[in-house]
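Positions are given from 1 along the sequence. All ligand and atom numbering here is 1-based and tracks the order in the structure.
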Amino acid sequence: MMESPFKEDVLKGKVALLTGGGSGIGFEIATQFGKHGASIAIMGRRRQALDAAVSSLASLGTPAIGFEGDVRKLEDARRVVESTFQHYGQIDILVNAAAGNFLASAEDLSPNGFRTVMDIDSVGTFTMCHEALKYLKKGGPERKQSSGGLILNISATLHYTASWYQIHVSAAKAAVDATTRNLALEWGTDYDIRVNGIAPGPIGDTPGMSKLAPEEITSKAKDYMPLYKLGEKWDIAMAAVYLASDAGKYVNGSTLPVDGGLWLSRPRH
Ligand code: HXC
């Protein structure tokens, strides 16, 4: 893992709540936010994963707490956001990294399978944003800071074109991107909240990759996608640190692809 090029205090004094923060990309963002000065709350469905993540963060000297919860449940979302505020006294950053995924052809996918991923990725993201709003909004009774907070939605590039056996995820991430833009407009205007996204390409050592792209597929990918190169979780976390820091203060409503240019890739002819 490379050293961070950012100063270690760029997120000093910030409190970040991350869904899906117990593993994969969410956990790496939590780790790097902590290394850059933030205090961390993570929300996830699996107690064991949360406990392991919290002790790993604590061993780096990062204040961290884990809350069990499912973003599909409004009462969980509300409880976790409130508990985070009670624990730290403020919330500055919400990262929506929780996602559901599996490969299924459109023909074989049940409407409930489609809905399940929409519920986790799209509705879950909106629900978390909605519950966190009062803590993020500038001028609200729950916010003493002189600026509004930040929302970061983890998306994908699948829906820029079309992706085999990912109709549910493509639809869900398209909705996430629309949510990013619409909240950026409404809450950027009214409450000084920046709402941005990151669209990762294939990232090594993540639940997504091990589930979606077996080795035999990725080893052939370079033939038809010349820009195919596996990214690291670190790459996504560095984009998140940039967007969350003051360096990103003029960025609002954007979803930044971090994929080595892969989605543009065409075979050489
Ligand atoms: C077909 C499936 C299925 C599968 C679930 N379903 N898994 N259909 N193939 N493999 C269908 C079920 O049949 C059911 O529909 C409906 O979905 C709900 O299933 P449940 O098992 O009841 O749901 P649940 O236990 O809540 O689990 C949902 C889940 C989730 C989506 C499988 O647990 C999950 O994905 N967890 C893994 C998290 C993960 O991998 N995160 C990384 C995401 S990576 P019926 O009709 O039968 O009731 C990512 C990257 C994207 O997002 C971009 C990559 C490049």
Notebook entry, point to check: What protein heavy atom sits nearest atom 5 (C) of ligand 1, and how far away is it?
Noted result: Phe102 CE2, 3.6 Å
Checklist line | For Arg45, the ligand 1 atoms whose distance to one of its heavy atoms is below 4.0 Å | finding: 30 (C), 33 (O), 36 (N)
Note to self: Between Arg194 (side chain only) and Leu152 (backbone N and O only), is there a donor and an acceptor less than 3.5 Å apart?
What the structure shows: no
Item checked: Ser110 neighbourhood, listing ligand 1 atoms whose heavy-atom distance to it stays under 4.0 Å -> 15 (O), 45 (P), 46 (O)
Margin query: Whether Asp51 and Arg47 form a salt bridge (side-chain N of Lys/Arg under 4.0 Å from carboxylate O of Asp/Glu) is what I want to check.
Written below: yes
Next item on the list: Taking atom types as modelled, find out whether Glu82 and Gln86 have a side-chain donor-acceptor pair closer than 3.5 angstrom.
Entry: no
Margin query: I'd like to check atom 22 (O) of ligand 1 in this structure: does the protein have a heavy atom lying under 4.0 Å from it?
Written below: no
Notebook entry, point to check: Within a distance of under 4.0 Å, is there any protein heavy atom near atom 15 (O) of ligand 1?
Noted result: yes
Margin query: How far is atom 44 (S) of ligand 1 from the closest protein heavy atom, and which atom is that?
Written below: Gly208 CA, 3.4 Å
Checklist line | Side-chain donor/acceptor of Lys173 to backbone N/O of Ile154, under 3.5 Å | finding: yes
Next item on the list: Give the numbers and elements of all ligand 1 atoms closer than 4.0 Å to a heavy atom of Gly113.
Entry: 11 (C), 15 (O), 16 (C), 17 (O)
Check: Under the 3.5 angstrom rule, does the side chain of Asp259 hit a backbone N or O of Leu262 as a donor-acceptor pair?
Finding: yes
Margin query: Is it the case that ligand 1 has an N or O less than 3.5 angstrom from some N or O of Ala99?
Written below: yes
Margin query: Heavy-atom pairs closer than 4.0 Å: do any link ligand 1 to the side chain of Arg72, the backbone, both, or neither?
Written below: side chain
Notebook entry, point to check: Do any non-hydrogen protein atoms sit less than 4.0 Å from atom 12 (C) of ligand 1?
Noted result: no
Check: With no hydrogens and no angle check, is any side-chain donor or acceptor of Gln90 less than 3.5 Å from a backbone partner on Gly13?
Finding: yes
Next item on the list: May I ask whether atom 8 (N) of ligand 1 is less than 4.0 Å from at least one protein heavy atom?
Entry: yes
Notebook entry, point to check: Looking at atom 18 (C) of ligand 1, would you say a protein heavy atom lies below 4.0 Å from it?
Noted result: yes
Next item on the list: Without swapping roles, check the side chain of Ser245 against the backbone of Val10 for a donor-acceptor pair under 3.5 Å.
Entry: no
Item checked: Mode of Asn101 contact toward ligand 1 - side chain, backbone, both, neither (heavy atoms, under 4.0 Å) -> both
Notebook entry, point to check: Among Asp177, Thr125, Asn96, which one satisfies side-chain hydrogen bond (donor to acceptor under 3.5 Å, both in side chains) with Ser155?
Noted result: Asp177
Check: Which atoms of ligand 1 have any heavy atom of Gly100 under 4.0 Å away?
Finding: 31 (C), 34 (C), 35 (O)
Item checked: Distance from atom 37 (C) of ligand 1 to nearest protein heavy atom, with residue and atom -> Lys211 NZ, 3.1 Å
Checklist line | Residues Asp70 and Arg72 bridged, charged N to O under 4.0 Å | finding: yes
Check: When you measure from atom 55 (C) of ligand 1 to every protein heavy atom, which one gives the shortest distance, and what is it?
Finding: Leu158 CD2, 4.0 Å
Margin query: Give me the nearest non-hydrogen protein atom to atom 48 (O) of ligand 1 as residue plus atom name, then the distance to 0.1 Å.
Written below: Asn112 ND2, 2.9 Å
Notebook entry, point to check: Should the proximity of Leu212 to ligand 1, defined as any heavy atom under 4.0 Å, be assigned to the side chain, the backbone, both, or neither?
Noted result: side chain
Notebook entry, point to check: Side-chain donor-acceptor pair under 3.5 Å between Asp121 and His168, yes or no?
Noted result: no
Next item on the list: Using protein heavy atoms only, decide if any is under 4.0 Å from atom 25 (O) of ligand 1.
Entry: no
Item checked: Flag: protein heavy atom within less than 4.0 Å of atom 35 (O) of ligand 1 -> yes
Notebook entry, point to check: Any chance the side chains of Thr179 and Asn182 put a donor and an acceptor closer than 3.5 Å?
Noted result: no
Check: How far is atom 28 (C) of ligand 1 from its nearest protein heavy atom, and which residue and atom is that?
Finding: Thr116 CG2, 3.6 Å
Check: Between Arg79 and Asp76, is there a salt bridge with N-O shorter than 4.0 Å?
Finding: yes
Margin query: Using a 3.5 Å distance criterion without hydrogens, assess whether the side chain of Asp192 forms a donor-acceptor pair with backbone atoms of Lys138.
Written below: no
